[in-house]
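Just below is one structure, and these are the notes that go with it.
From a predicted model like this one, the values you see are computed outputs, not experimental measurements. Sequence lines set the chain letters: A, B, ... in the order given, protein chains first and strands last, and positions in each chain run from 1. Below, all heavy atoms of this structure are taken into account, side chains as well, without hydrogens, waters or symmetry copies.
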Amino acid sequence: MAIEENTAPSNFIQNIIQEDLDKGKHSAIYTRFPPEPNGYLHIGHAKSICLNFGMAKKFGGKCNLRFDDTNPDKEEIEYMHSIEEDVRWLGFEWNELRHASDYFNHLYMYAVKLIMQGNAYVDGLTAHEIREHRGTLTEPGKNSPFRDRSVEENLGLFQRMKEGEFEDGQYVLRAKIDMASPNINMRDPTLYRIKRTHHHRTGDDWVIYPMYDFTHALSDALEGITHSLCTLEFEDHRPLYDWVIESVGAPCHPQQIEFARLELQYTITSKRKLHQLVDEGHVRGWDDPRMTTISGIRRRGYTPASIRDFCDRIGITKKGSSIEMGVLENCIREDLNEHALRVMGVINPLKITIENYPDGQVEEMEAQNHPQKPEMGTRTVPFSKTLYIERDDFMEDAPKKFFRLSVGREVRLRYAYYITCTDVVKNEQGEVIELICSYDPTTKGGSSPDGRKVKGTIHWVSAEHAVNAQVNLYDRLFTHPNPGSTENYIEHLNPESLIEVSNCKLEPCLSSADLSKHYQFERTGYFVLDKDSSSEALIFNRTSTLRDTWAKIDEQK
RNA sequence: UGGGCCGUCGCCAAGCGGUAAGGCACCAGGUUUUGAUCCUGGCAUCCGGAGGUUCGAAUCCUCCCGGCCCAGCCA
């Protein structure tokens with residue numbers, strides 16, 4: 001843990017904060033993570049969470065969790081709960097939990113102040129007309145005919161907007177800035193709109209709701225935020241952010257700093273598209289283990305530490321970039337290699353009978369829970385005449401480099417005996433359904449007194465003692481490295497992103513697995529119990545495979 | 001094309017005028033009762049390109065090339 005906290009490389013935001021602290025601009029820093037509660041958090045949010053909470057932690061400052069709940073059309077309580085759960089799961093605790101809606105009264109008064117100063121006006125143009133007046137990227141906009149209403153008239157109209165005298169869309173409050181600004185955000189942006197929607201927190205108290213640019217800047221200022229960290233697309237909004245704060249004379253002026261959002265190859269990190277995957281049933285919910293939502297990743301078996309490590313490794317810059325999946329996979333493998341209990345599980349069973357092993361005999365073989373960590377202890381695994389091994393560990397016409405089982409070849413059964421395959425049993429279709437083997441009784445525990453070597457060691461499970469389970473094998477959700485950039489990303493869904501395998505044979509101790517334990521099924525991958533699992537029907541999710549150099553060699557042929 | 005931002009190894013990323021960190025990936029070898037782990041070594045004479053300033057530039061200046069973002073009463 002202590003090591004983890006110190007591995008994050010420096011980044012430009014950290015440098016700015018350090019400098020502000022050194023120069024005495026601030027005595028302590030205050031950040032915030034401000035999601036809109038309109039969906040579940042994803043891996044991209046994790047980057048922002050780790051940055052905001054991480055900077056506060058590093059410099060002994062504070063960080064708030066604030067729900068940016070100014071658009072009741074899209075927001076729900078359910079999302080707020082999931083967001084809180086996800087932030088906590090990642091290992092962070094907020095200083096205060098706030099909502100932009102906490103400030104609705106305050107915000108309204110600031111708006112009135114702007115009007116009185118002549119910095120805002122009520123516009124009666126329709127949305128369509130406002131768009132036409134805005135101009136284009138290369139042409140300046142035109143002033144609204146209502147731009148020069150008197151302060152009194154604006155005040156009256158704005159109050160009547162608040163009191164619900166008008167229809168939705170009939171009027172908006174706009175900042176009076178500059179319709180000819182080369183920055184389109186400064187062409188008299190909308191500050192308030194009329195929206196008769198029930199708000200999940202303020203109920204029907206309001207029929208006017210403040211817009212993001214107005215709300216966000218002032219919420220930051222009201223909370224005493226020192227560094228307002230957001231993503232690159234808000235760069236053009238910074239002049240407006242500053243304008244709002246300066247114009248209302250807010251108590252402090254937080255510094256907005258933008259960084260690049262996370263792009264992860266072969267996935268999607270857009271709330272809208274994640275919504276579509278869920279709504280159209282392409283996945284089984286927000287927490288489907290194939291989703292890169294925090295809840296999906298959690299169900300898949302990723303650990304909070306591995307996600308924090310990932311966020312540290314990818315860095316913070318202003319450069320648009322796309323991270324390879326391998327980085328994320330490496331993070332979880334590194335963590336799980338360290339902490340996961342080793343067990344044996346056969347995903348695709350092939351029966352073997354050891355003909356020279358006594359009928360009915362059962363031996364308890366001692367196995368280590370972690371070969372590099374004796375302190376993690378040992379367990380016993382029952383061994384008998386009839387076993388299951390992995391189908392892939394047998395090959396009829398095996399090449400020389402194949403270190404596993406084939407007729408006439410000897411391998412080691414992990415923690416048990418050396419066995420040699422003597423015969424193959426096939427069904428009418430010619431498929432191998434059973435192997436006949438013999439064992440060497442002098443090799444108990446897996447080493448031979450004569451010192452002879454075997455190249456391969458394979459895992460196994462005693463047939464009569466095995467527990468049955470369903471195992472879900474996951475692969476990347478998309479076959480395209482950047483599905484979000486394609487015309488129709490749905491077309492690029494990976495049809496093999498989930499393979500459910502039933503009747504897997506696991507060693508007995510797995511019957512007492514629980515959600516908190518991570519396992520390595522030796523030689524096949526890291527697994528975790530699924531939340532839908534029950535003692536009658538065990539279900540495991542594959543978090544990740546192990547690195548597989550054999551597969552790589554095999555592929556090259 | 002008006003404005004804003006960005007360009008250092010396949011993917012990330014340090015570097016802030018003194019002569020290219022690190023991680024992932026990849027390659028080669030060693031250890032190993034997981035073809036896992038672990039260990040060792042290799043992997044940019046070069047920093048989008050061209051000029052210029054300087055004893056000295058990825059770092060400063062000029063021009064050019066390429067990419068991303070902005071015209072919601074979304075955030």
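- Nucleotide G7(B) forms a Watson-Crick or G-U wobble pair with C65(B), both donor-acceptor distances falling under 3.5 Å.
- With A36(B), C24(B), A14(B) as the candidates, the nucleotide lying closest to the side chain of Leu546(A) is A36(B).
- Proximity of the aromatic rings of Phe104(A) and His199(A) is defined here by a centroid distance below 6.0 angstrom, and this criterion is met.
- Pairing for U53(B) is absent, with no Watson-Crick or G-U wobble pair whose two atom distances lie under 3.5 Å.
- The side-chain hydrogen bond (donor to acceptor under 3.5 Å, both in side chains) test applied to Glu522(A) returns Arg414(A), not counting sequence neighbours.
- Within 4.0 Å of Ile194(A), counting heavy atoms only, lies no atom of the nucleic acid at all.
- Under 4.0 angstrom from either OP1 or OP2 of A75(B) there lies at least one side-chain N or O belonging to Thr70(A).
- A glycosidic torsion no more than 90° from 0 defines the syn conformation, and G72(B) adopts it.
- Remark: Ser10(A) is in phosphate contact with G15(B), judged by side-chain N or O atoms under 4.0 Å from OP1 or OP2.
- In this structure, Phe234(A) reaches the bases: a heavy-atom distance under 4.0 Å links it to at least one base atom across the strands shown.
- Base pairing of A58(B) is not made with any nucleotide, judged by Watson-Crick or G-U wobble geometry with both donor-acceptor distances under 3.5 Å.
- The only member of Trp206(A), Phe214(A), Phe166(A) that meets ring-ring contact (aromatic ring centres under 6.0 Å, His included) when paired with Tyr192(A) is Phe214(A).
- Listed by chain and residue number, nothing satisfies the salt bridge (charged side-chain N to carboxylate O under 4.0 Å, His left out) test with Lys400(A) (two or more places apart in sequence, or in another chain).
- Residue Ser322(A) places none of its side-chain N or O atoms closer than 4.0 Å to OP1 or OP2 of C11(B).
- When the side-chain nitrogen and oxygen atoms of Arg187(A) are compared with OP1 and OP2 of A71(B), none of them lie within a distance under 4.0 Å.
- The residue from Ile297(A), Thr293(A), Ile294(A), Ile49(A) that alone fulfils the side chain to side chain contact (heavy atoms under 4.5 Å, CB included) condition with Asp86(A) is Ile294(A).
- Contact annotation: Arg261(A) does not reach the phosphate of A75(B) (side-chain N/O to OP1 or OP2, under 4.0 Å).
- Here A71(B) sits opposite no nucleotide as a Watson-Crick or G-U wobble pair (both hydrogen-bonding atom distances under 3.5 Å).
- As a whole-Å value, the separation of Asp73(A) CG from G72(B) P is 18 Å.
- Side-chain N/O atoms of Arg523(A) include one lying less than 4.0 angstrom from OP1 or OP2 on G35(B).
- Between Leu240(A) atom CG and G72(B) atom P there is a gap of 15 Å when expressed in whole angstrom units.
- In summary, the side chains of Tyr417(A) and Glu363(A) do present a donor paired with an acceptor at a separation below 3.5 Å, with no hydrogens or angles considered.
- Judged by the 6.0 Å distance and 45° axis criteria, Arg412(A) is not positioned over the aromatic ring of Tyr418(A).
- Residues from residues 364-374 of chain A lying near RNA chain B, meaning a heavy-atom separation below 4.0 Å, are Pro371(A), Gln372(A) in numerical order.
- Using Watson-Crick or G-U wobble geometry with both donor-acceptor distances under 3.5 Å, C26(B) finds its partner in G42(B).
- OP1 and OP2 of C11(B) both lie 4.0 Å or more from every side-chain N or O belonging to Ser321(A).
- When rounded to the nearest whole Å, the span between CD of Glu390(A) and C1' of A36(B) equals 15 Å.
- Of the listed nucleotides (C74(B), G2(B), G35(B)), G2(B) has the atom at the smallest distance from the side chain of Thr138(A).
- The distance between atom CE of Met186(A) and atom P of C70(B), rounded to the nearest whole Å, is 18 Å.
- For the pair Arg32(A) and Asp220(A), the minimum side-chain heavy-atom distance is below 4.5 Å.
- Gln520(A) comes within contact range of at least one nucleobase, with a heavy-atom separation under 4.0 Å.
- If you check every strand for non-hydrogen atoms under 4.0 Å, Thr317(A) touches sugar and phosphate atoms only.
- Each of Thr524(A) and Ile323(A) was matched to the nucleotide of RNA chain B holding its nearest heavy atom; the match closer to the 5' end belongs to Ile323(A).
- Residue Ile184(A) has its side chain nearest to C70(B) when only G15(B), C70(B), A13(B) are considered.
- Pairing for U19(B) is absent, with no Watson-Crick or G-U wobble pair whose two atom distances lie under 3.5 Å.
- With G23(B), G72(B), C26(B) as the candidates, the nucleotide lying closest to the side chain of Arg313(A) is G23(B).
- With centroids closer than 5.5 Å and planes inclined by less than 30 degrees as the test, Tyr212(A) and the base of A75(B) fail to qualify as a stacked pair.
- Between the OH atom of Tyr40(A) and the P atom of A75(B) there is a distance of 21 Å, rounded to whole Å.
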Listing time: all N or O pairs from protein to nucleotides 3-6 of chain B that are below 3.5 Å?
| from | atom 1 | to | atom 2 | distance (Å) |
| --- | --- | --- | --- | --- |
| G3(B) | N2 | Asp236(A) | OD2 | 2.7 |

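- At G72(B), none of the side-chain N or O atoms of Arg193(A) fall inside 4.0 Å of OP1 or OP2 (strictly under the cut-off).
- Computed from coordinates, the Arg272(A) CZ to G72(B) C1' distance equals 15 Å when rounded to whole Å.
- What separates CD of Glu233(A) from P of G72(B) is a distance of 16 Å, to the nearest Å.
- By the salt bridge (charged side-chain N to carboxylate O under 4.0 Å, His left out) test, Arg409(A) is found to be paired with no residue, residues two or more places apart in sequence or in another chain being considered.
- In this structure, Arg134(A) reaches the G72(B) phosphate: one of its side-chain N or O atoms is under 4.0 Å from OP1 or OP2.
- No side-chain donor-acceptor contact under 3.5 Å links Gln14(A) and Gln18(A).
- Mapping Arg414(A) and Asn11(A) onto RNA chain B by nearest heavy atom places Asn11(A) closer to the 5' end of the strand.
- One can find a donor-acceptor pair under 3.5 Å joining the base of G10(B) and the side-chain atoms of Glu324(A).
- Residue Cys230(A) is tested with Arg238(A), Gln256(A), Arg261(A) for a side chain to side chain contact (heavy atoms under 4.5 Å, CB included); the sole match is Gln256(A).
- Partner assigned to A36(B) is none, using Watson-Crick or G-U wobble distances below 3.5 angstrom.
- Checked against side chain to side chain contact (heavy atoms under 4.5 Å, CB included), His198(A) has the following partners two or more places apart in sequence or in another chain: Asp204(A).
- Side chain to side chain, Tyr489(A) and Gln276(A) meet the donor-acceptor criterion of an N or O pair below 3.5 Å.
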